[in-house]
Enquirer: 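Sharing a structure here in structure tokens format.
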2 protein chains.
Amino acid sequence: MAQPELATLDHESRIAADDHQSIRLWLRLLTCTNLIEKRLRSRLREEFDTTLPRFDFLAQLERASDGLTMGELSARMMVSGGSVSGLATQLESEGLISREPVPENRRTFCVRLTRQGKRRFSEMATQHELWVMEMLGCLNASEVDDLMASLKRLKSCITATEQGA
Amino acid sequence: MAQPELATLDHESRIAADDHQSIRLWLRLLTCTNLIEKRLRSRLREEFDTTLPRFDFLAQLERASDGLTMGELSARMMVSGGSVSGLATQLESEGLISREPVPENRRTFCVRLTRQGKRRFSEMATQHELWVMEMLGCLNASEVDDLMASLKRLKSCITATEQGA
DNA sequence: GAATAATATTTTAAATATAAAATGTTTTGC
DNA sequence: GCAAAACATTTTATATTTAAAATATTATTC
């Protein structure tokens, strides 16, 4: 009974079904990301009176002990140069980062965490990690590994299809 | 040789390792979502001179043939009421949606696609589906199914840890 | 049934996003 | 070496986001 029905699914129908499956996967991915992002956003506001972009800015610097240029920050944070510029102005005025000119290339700046920025970030990072653990922690190690592998493959699929079409 | 080393990983170390793995998973998820979102955003701009939130607004209505209230739209789109309100004002002025009062409850509106909105959305949806296929299409059916299952589990993990902590 | 609480939406204020133009610096090509 | 191109950043103008206040309606409670 099942086989004849399957046989009636022609190539076009199957393609259409796959289409919908792709869309469904994309929507599910988006939902998960939105849920996590919103939770982190509200916790950062409640507990540290800050925002996700500002946290992310500091996090990128924490990972790069030699400092980063504005362009590198823009690429790693995946936001426009204008955004990075505005965030940097704020964080600099709060004393959390420094923006020093580079003698060899006067077009660029080297952005670093200040001592205060490091201290402040580490307070937030500890909590941030707990919040993420809280949300992802019920996945066991092999589930996490599976997801990591699948998403790695997905990422390479996405970047394989180049932007300029 | 491997067992003794594993044995030296005490509970705390293993927890720390898991923490980082959770963060890495979260960042990878975010990267994938950002890549897809940016691509869709720029394509929608280039080809239809519109934005992702506006497309999403219409898409939610397309799926709900009986129309939706502003609050339902807000929940399904996972954005604030204020955003929905602003988007509705725009889309209404462009003639793509209608916002009719509901006699039984004068607080709410019933939002629907207009004929023009349906036509416009279907043009965009066709392309949108192709763009998503383009990015996710290199995953085979079983990879997609695996991801769907993993993300479903992830979603239930996230929502299981309730917001109000 | 009047006062209070809950609900649905819009408006407001502040922050953030982008694209594109402007500015200043370095590199390239002749 | 000078003009043109490429590069890195900031500024500008516009659009979007959110949280919270304001508005209006409905439901509850005593």
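Within every chain, numbering begins at 1; the chains are lettered A, B, ... in the order of the sequence lines, protein sequences first and strands thereafter.
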Enquirer: Rounded to whole angstroms, how far apart are CE on M70(B) and P on dT7(C)?
Expert: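 Atom-to-atom, M70(B) to dT7(C), this comes out as 19 Å.
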
Enquirer: R106(B) CZ to dA24(D) P: how many Å, rounded?
Expert: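 Between P of dA24(D) and CZ of R106(B): 12 Å.
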
Enquirer: Would you say R54(B) and Q90(B) are linked by a side-chain donor-acceptor pair, where the criterion is simply a distance under 3.5 Å?
Expert: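 A pair is found: one side chain offers a donor N or O, the other an acceptor, under 3.5 Å apart.
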
Enquirer: CZ of R43(A) versus P of dT18(D): gap in Å, rounded?
Expert: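 Between P of dT18(D) and CZ of R43(A): 18 Å.
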
Enquirer: Under a 4.0 Å threshold between the charged nitrogen and the carboxylate oxygen, would K118(B) count as salt-bridged to E62(B)?
Expert: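 No, this pair does not count.
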
Enquirer: Let me know, please, whether R45(B) or F109(B) comes out on the 5' side of the other along DNA chain C by nearest nucleotide.
Expert: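 By nearest-heavy-atom nucleotide position, the 5'-most residue is F109(B).
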
Enquirer: Do W26(B) and L29(B) have side-chain heavy atoms sitting under 4.5 Å apart?
Expert: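 Of all side-chain heavy-atom pairs linking L29(B) with W26(B), at least one is under 4.5 Å.
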
Enquirer: Within the pair R99(B) and dT10(C), is there a side-chain N or O less than 4.0 Å away from OP1 or OP2?
Expert: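 So the side-chain polar atoms of R99(B) do come within 4.0 Å of the phosphate oxygens OP1 or OP2 of dT10(C), strictly under.
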
Enquirer: Establish whether the base of dT9(C) is bridged to the side chain of R107(B) by a donor-acceptor pair shorter than 3.5 Å.
Expert: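 In this structure, the two groups form no donor-acceptor pair.
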
Enquirer: Using modelled atom types only, decide if a donor and an acceptor are shared between the side chain of R99(B) and the backbone of V111(B) within a distance under 3.5 Å.
Expert: no

Enquirer: Taking the side chain as every heavy atom from C-beta outward, state whether L61(A) and R112(A) have any atom pair closer than 4.5 Å.
Expert: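 Heavy-atom side-chain distance check fails, nothing below 4.5 Å.
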
Enquirer: Give the rounded distance in Å between these two atoms: CZ of R41(A) and P of dT16(D).
Expert: 17 Å

Enquirer: Evaluate the side-chain proximity of L87(A) to M77(A): yes if any heavy-atom separation is below 4.5 Å, no if none is.
Expert: yes

Enquirer: Starting at atom CG of D56(B), determine the distance to atom C1' of dT17(D), rounded to an integer number of angstrom.
Expert: 14 Å

Enquirer: Given side chains that start at C-beta, do those of R39(A) and W131(A) come closer than 4.5 Å, heavy atoms only?
Expert: no

Enquirer: Just the rounded figure in Å: distance from P of dT18(C) to CG of D49(B).
Expert: 18 Å

Enquirer: Go through residues 73-90 of chain A and report each residue with a non-hydrogen atom lying under 4.0 Å from DNA chain D, sorted by number.
Expert: G81(A), G82(A), S85(A)

Enquirer: Both G71(B) and V102(A) contact DNA chain C. Taking the nearest nucleotide for each, which residue is further toward the 5' end?
Expert: G71(B)

Enquirer: Grab the CZ-P distance between R54(B) and dT17(D) for me, whole Å please.
Expert: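 Those two atoms, CZ and P, are 10 Å apart.
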
Enquirer: Just how far, in rounded Å, is P of dA6(C) from CG of N105(B)?
Expert: 17 Å

